[in-house]
Amino acid sequence: MDIALIVVAIVVVILLVILFAAVKIAREYERGVIFRLGRLLPEPKGPGLFVLIPFVDKMERVDLRTVTLNVPPQEVITKDNVPVRVNAVAYFRIVEPKAAIVQVENYMVATSQIAQTTLRSVLGQHVLDELLSERDKINQILQSIIDEATSPWGIKVSIVEVKDVEIPGDMQRAMARQAEAERERRAKVISAEGEYQASERLKDAAAVMAQQPITVQLRYLQTLLEIGATNNSTIVFPIPIEFLETLGIHRLKGE
């Protein structure tokens with residue numbers, strides 16, 4: 001009797017082990033790629049509950065969620081021979097679970113290597129100014145190349161972003177001097193443009209005064225008013241020579 005109970009218990013345990021091995025549950029974002037005696041089944045299993053043939057079927061779980069891949073920092077020589085250190089981040093997901101398992105040994109490592117080599121290759125074709133000012137354009141180029149390379153593996157690369165660009169200290173100082181010189185150039189151009197416009201207005205004013213000489217006297221009075229507003233003790237008042245000549249003529253006539 002005891003032997004029979006032991007045998008029954010062993011059989012029950014074996015059945016439970018087989019049952020646990022046969023019954024699988026895949027989450028909503030998971031798929032099970034099934035190999036039956038080494039051959040790939042046409043369709044992946046899941047999500048939900050499904051049954052495998054014990055000791056015959058082997059399952060590989062594939063996560064369909066978007067994966068964030070940090071591309072390690074890469075030493076890059078730009079097109080204008082400037083050494084920079086760049087790192088990036090790529091976002092991708094698996095759209096064909098069978099290809100991700102069958103077509104490549106380790107899709108994470110393979111995608112990382114493709115991203116690194118593409119980053120060095122693409123950035124080496126651009127000058128430093130493009131790398132700093134046209135980041136969106138470079139990101140689109142990276143995304144397109146990496147997505148095309150990983151497409152046979154059932155991977156869809158949605159976004160690639162260059163996160164950080166480290167520039168040598170000497171180059172940073174040179175860029176600062178260049179920016180300062182550019183600001184000084186713009187300031188000089190603006191000042192010269194202002195002087196030109198002021199000279200044009202003075203020319204127009206001189207033409208008006210030439211037609212109406214009395215405007216010169218009115219301008220003198222306005223100047224006196226402006227000088228008096230500053231509370232100066234000494235005022236230099238210019239008098240036209242014609243006015244002095246008029247006074248001299250009247251004095252002669254009086255004599």
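The model shown is predicted, which means the values in this text are computed figures rather than measured ones. Values reported hereafter were calculated over all heavy atoms of this structure, with side chains retained and with hydrogens, waters and symmetry mates removed.
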For E200 and K203, run side-chain contact (heavy atoms from CB on, under 4.5 Å): C-alpha distance rounded to whole Å, both residues' side-chain angles, the deciding distance at 0.1 Å, then the answer. CA-CA 5 Å; E200 289 290 329; K203 182 183 70 173; 3.4 Å; yes

Any side-chain heavy atom of [X] within less than 4.5 Å of one from [Y]?
X    : Y    : result
Q103 : P152 : no
E130 : T78  : no
R93  : S158 : no
M108 : F92  : yes

Could you report the tightest heavy-atom contact between [X] and [Y], atom names first, then the distance?
X    : Y    : value
A99  : G154 : CB-N, 3.8 Å
A26  : F50  : CB-CE2, 3.8 Å
A88  : V162 : CB-CA, 4.0 Å
L142 : T118 : CD2-O, 3.8 Å
I94  : L64  : O-CD2, 3.6 Å
I114 : A149 : CG2-CB, 3.9 Å

Is it the case that the side chain of [X] and the backbone of [Y] share a donor-acceptor pair, with hydrogens and angles ignored and the cut-off at 3.5 Å?
X    : Y    : value
K98  : P42  : yes
S144 : I141 : no
T117 : Q113 : yes
D80  : L128 : yes
S133 : D129 : yes
R135 : L131 : yes
Q143 : V157 : yes

Could you measure the distance from the [atom1] atom of [X] to the [atom2] atom of [Y]? Nearest 0.5 Å is fine.
X    : Y    : atom1 : atom2 : value
Q140 : I159 : CD    : CD1   : 11.5 Å
N106 : I101 : CG    : CD1   : 9.0 Å
L41  : R36  : CG    : CZ    : 5.0 Å
D147 : T111 : CG    : OG1   : 10.5 Å
N87  : Q74  : CG    : CD    : 9.0 Å
Q116 : I146 : CD    : CD1   : 10.0 Å

Is there a path of hydrophobic side-chain contacts, each under 4.5 Å between heavy atoms of I, L, V, M, F, W or Y residues, that connects [X] with [Y]?
X    : Y    : answer
L19  : I25  : yes
V122 : I167 : yes
V104 : L40  : yes
L132 : I138 : yes
V62  : M59  : no

Within the 3.5 Å criterion, strictly below it, is a donor on S191 or E195 matched to an acceptor on the partner's side chain? no

Can you confirm whether more than 12 heavy atoms, excluding those of [X], are under 6.0 Å from its [atom1] atom?
X    : atom1 : answer
R120 : CZ    : yes
Y91  : OH    : no
E148 : CD    : no
E182 : CD    : yes
K58  : NZ    : no

Out of the candidates R31, E30, E96, R61, only one should pair with P44 under the side-chain contact (heavy atoms from CB on, under 4.5 Å) rule; please name it. R31

Considering only NZ, NE, NH1 and NH2 on the basic side and carboxylate oxygens on the acidic side, decide whether E180 and R177 come within less than 4.0 Å. no

